[in-house]
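Both counts, for ligands and for their atoms, begin at 1 and track the order of listing.
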Amino acid sequence: MTLKEITDLMRYPSESDLALLRKAYEFAETVHKDHKRYSGEPYFVHLFETAKLIAELGAGVSAISAGLLHDSIEDVSVEQETIRKEFGDDVLMLVDGVTKLGHLRYRGVDRYSESMRRLFIASSKDLRVLIIKLCDRLHNMRTLHHVPKDKQLRIARETLEIYAPIAYRLGIRKINRELEELSFPFAYPEEFERVKKLVNERKSDLLKRLDKFHKSLLKGMVRQNVPVASTNERLKGHYSLYSKLRNRDWDFEKIYDILAIRIMVKDVEDCYRALGAIHGIWRPLPGRVKDYIAFPKSNGYRSLHTTVFTGDGGIVEIQIRTEEMHHESEYGAALHAAYKERETVANGRNKRSLFGSLLSWRGISRSEKERPLLHVEDVGNGVPAWVRELGDLDSTIGEQEFWEHLREDFFKNRIFIFTPKGDVVDLPTDSSPIDFAYAIHSGIGDHLVGAKVGGKLMSIDTKLQNGDIVEILTKDSAHPTTKWLEIARTSIAKKHIRNSLQKQKSP
Ligand code: MN
């Protein structure tokens, strides 16, 4: 453990960044010196590893320092004032945010939604709080086997039910995958054993076939003149396999992406060329070609997917993307905007991966050249709209209702709806024109009188479909009615409708 391991992950840290980090590092080591983990290791190991994960996600000096200090108020009674004096307001705000969350505990719906609510309130002010919390949890999961048995199940379940979906929703696939794989054996031991057995019976045969196909794929790309930057391959993880097996009567033959190969190419044009070349050589499975470049997933994921018959009786999924898309899909596309310390945004690529140990992607890299910084988009404080909405929910609604909103807005699948001008709004499935109108602006929602879907006048309780183009018709004299509350799906729409109904009652 050295400070250099952390600073090496940062991109262009300044002298003052390094000084602040060194101070946080030494401070944490000192105040936690008599403090041990269940493993018997010094507690500082946990703080060090958490900070390293935060650095790898590309966050700046304040978030990394806060990672080193995140347990100092709660566990060793350091005063807030001391942190402010030594490390400044930004670091204190982050440490305080993480401390206030306390430990999210899965203890039935009521307590669960209460801590979720606190989580989103803290995160809606600054997404870095959520990032620190995720990294803290990831290290705790990596060391879960040291924790007393009676606690393991609860911690593993809440990781699967809260933290892994949050990582997914933020588009940080690396953390999402690792959290799922680490939790699974503790959360559902019997199911895990069952999946493990199924995999082990087939593993060596599958990997042999995958290697063989991988080689012919590389040859095929050369023959077709599609330059490939790098490729890697994987056998599907146990938990994600389990999620699919459960829905397919435990029939292994119905899983089409157990084997996958990723191809990284230089630009979007080459993505489509590679897809064309592959389909020219191997026959694709019908209905398995997916263009997430033209239609990204709601968490920002972009890639082309296809599944082909390999010719020896097997099938392999192929994912084609640029290296930038790859980096975004692993580390979170929207995340970079959340890091206010832009000049120190680290570029996690080309750095030794901290995530490699558990993951089964095995790489063949052709290019190690330095790549440019990610484009930083302005998405209002860096906090995605759905986090702000959840943090902003009316505090008078009951726990049960909050929980339902959470399930609808957060964990459910999302659809993309377009304005006639081509702007995109992402909404939960089964959303109506009412949800769409409020997602654009509360003033538009409050004066909605009708909607055109695909150019046709439709009723305002129409369930919108992914890709619909919706035009909202408004009138100054129009107002929401109580019926709208039953139609609306999103929390933001319901909140505004309630407010408006309240105002109508008491002018
Ligand atoms: Mn911790």
Nearest N/O/S atom of Asp136 with respect to the Mn ion (ligand 1), by atom name, please. OD1
So which N/O/S atom does Asp71 have closest to the Mn ion (ligand 1)? OD2
In terms of side-chain heavy atoms, does His46 have a donor or acceptor partner in His70 at a distance below 3.5 Å? yes
Can you see which heavy atom on Ser65 is nearest to which on Ala24, and at what distance? CB-CB, 4.0 Å
Plane angle bin for Tyr301 and Tyr292 - parallel if under 30°, tilted between 30 and 60°, otherwise perpendicular: perpendicular
Residues passing the side-chain hydrogen bond (donor to acceptor under 3.5 Å, both in side chains) test with Ser240, sequence neighbours excluded, are Lys236
Taking N, O or S atoms only and a limit of 2.8 Å, check whether His70 reaches the Mn ion (ligand 1). yes
